[in-house]
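Values below: all heavy atoms of this structure, side chains included; hydrogens, waters and symmetry mates excluded. Here is the naming used below: chain letters follow the sequence lines, and residue numbers restart at 1 for every chain.
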There are 2 protein chains.
Amino acid sequence: MTYAKKEVFTTDLQEIAAFAKVLAHPARLAILDYIAGQNQCISGDITSEIPLSRTTVSQHLQELKNAGLIHGTVSGTRVFYCLETEKIQALKTRMHDFMEKLAESQTQCTI
Amino acid sequence: MTYAKKEVFTTDLQEIAAFAKVLAHPARLAILDYIAGQNQCISGDITSEIPLSRTTVSQHLQELKNAGLIHGTVSGTRVFYCLETEKIQALKTRMHDFMEKLAESQTQCTI
DNA sequence: AATAAATGTCGTATGTTTGCGACATAAAAC
DNA sequence: GTTTTATGTCGCAAACATACGACATTTATT
């Protein structure tokens, strides 16, 4: 009874799925959105923007960082976060291509 | 101590997150891929294609159905599944737009 | 040096997802 | 009408995700 059987699928699908998972929580989307909204890198007062505890926001930030979607620069006691736009762009394209391939398939339900 | 605080976020973000969650498992991506690969609607021999138990595949199919990404037509003892291409197209665009907005933000890390 | 501010990590509780065997149902084949 | 085939649902166990308070650390202020 082995759980987490993800490894039986192609790495391509695993990677896309892993990326989708990062986007699968509104808090993380809100964080990305907020960072993008500031025209400068803004520190962890993301925390005051997001209606969750500091701990929880910090965790979500770590996940985004692990996924390579953001990165933080320490400056004194503060940390300045910003988007990794190349990575985001790359994943956007990958996601889009996957969906496109699906949408283009003429899967006609003749029944 | 209320868990599942998703409802504090905008419905827009909640919806995008919910969609991402459906794509967040390689088995579901593999199922979508497989259906798209057949040029006709193919019944649940998706099951023999996916290296998971029939039960588990059935569950993933239900999730995809609930999300409106596929739909099944009963014919005798068999069920023919096919993609809801309009829905897929719509979500593809929505996802893409969100990512685009992020990627375009000139979040310059000056530090 | 002592205190305050900003942030991160640990442990833990709760909730959700994944996976499967066993059972249920319903149409088809015999 | 009984058996076979295809599929779905139930209940459970393991794993994973989410959320937070308490503690730790590190730099700034006094």
field: Which residue lies more 5' along DNA chain D, comparing Glu63(A) with Ser58(B) via nearest heavy atoms
entry: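 Looking at DNA chain D, the more 5' nearest nucleotide goes with Ser58(B).
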Apply side-chain hydrogen bond (donor to acceptor under 3.5 Å, both in side chains) to [X] and list each qualifying residue two or more places apart in sequence or on a separate chain.
X: Lys101(A); answer: Asp33(B)
X: Lys21(A); answer: none
X: Thr93(B); answer: none

query: For Glu63(A), which residues count as a salt bridge (charged side-chain N to carboxylate O under 4.0 Å, His left out) partner, sequence neighbours excluded?
result: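 Glu63(A) satisfies salt bridge (charged side-chain N to carboxylate O under 4.0 Å, His left out) with Arg28(A) once adjacent residues are dropped.
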- request: Would you mind classifying the nucleic acid contact of Lys21(B) as base, sugar-phosphate or nothing, using non-hydrogen atoms under 4.0 angstrom?
  value: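 Sugar-phosphate only.
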- prompt: Would you say the side chain of Thr56(A) lies within less than 4.5 Å of the side chain of Ile50(A), judging by non-hydrogen atoms?
  reply: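 Counting from C-beta outward, Ile50(A) and Thr56(A) never come under 4.5 Å.
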Indicate whether OP1 or OP2 belonging to [N] is found under 4.0 Å from a side-chain N or O atom of [X].
X: His25(B); N: dG19(C); answer: yes
X: His60(A); N: dA19(D); answer: yes
X: Tyr81(B); N: dG8(D); answer: yes

task: Mind listing the residues from residues 48-56 of chain B sitting with a heavy atom below 4.0 Å of DNA chain C? Number order is fine.
output: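 Those residues are Leu52(B), Ser53(B), Thr55(B), Thr56(B).
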field: Pair listing, side chain to side chain donor-acceptor pair (under 3.5 Å) test, anchored in residues 8-20 of chain A, at least two apart
entry: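 Listed once each, the pairs are Asp12(A)-Arg94(A), Glu15(A)-Arg94(A).
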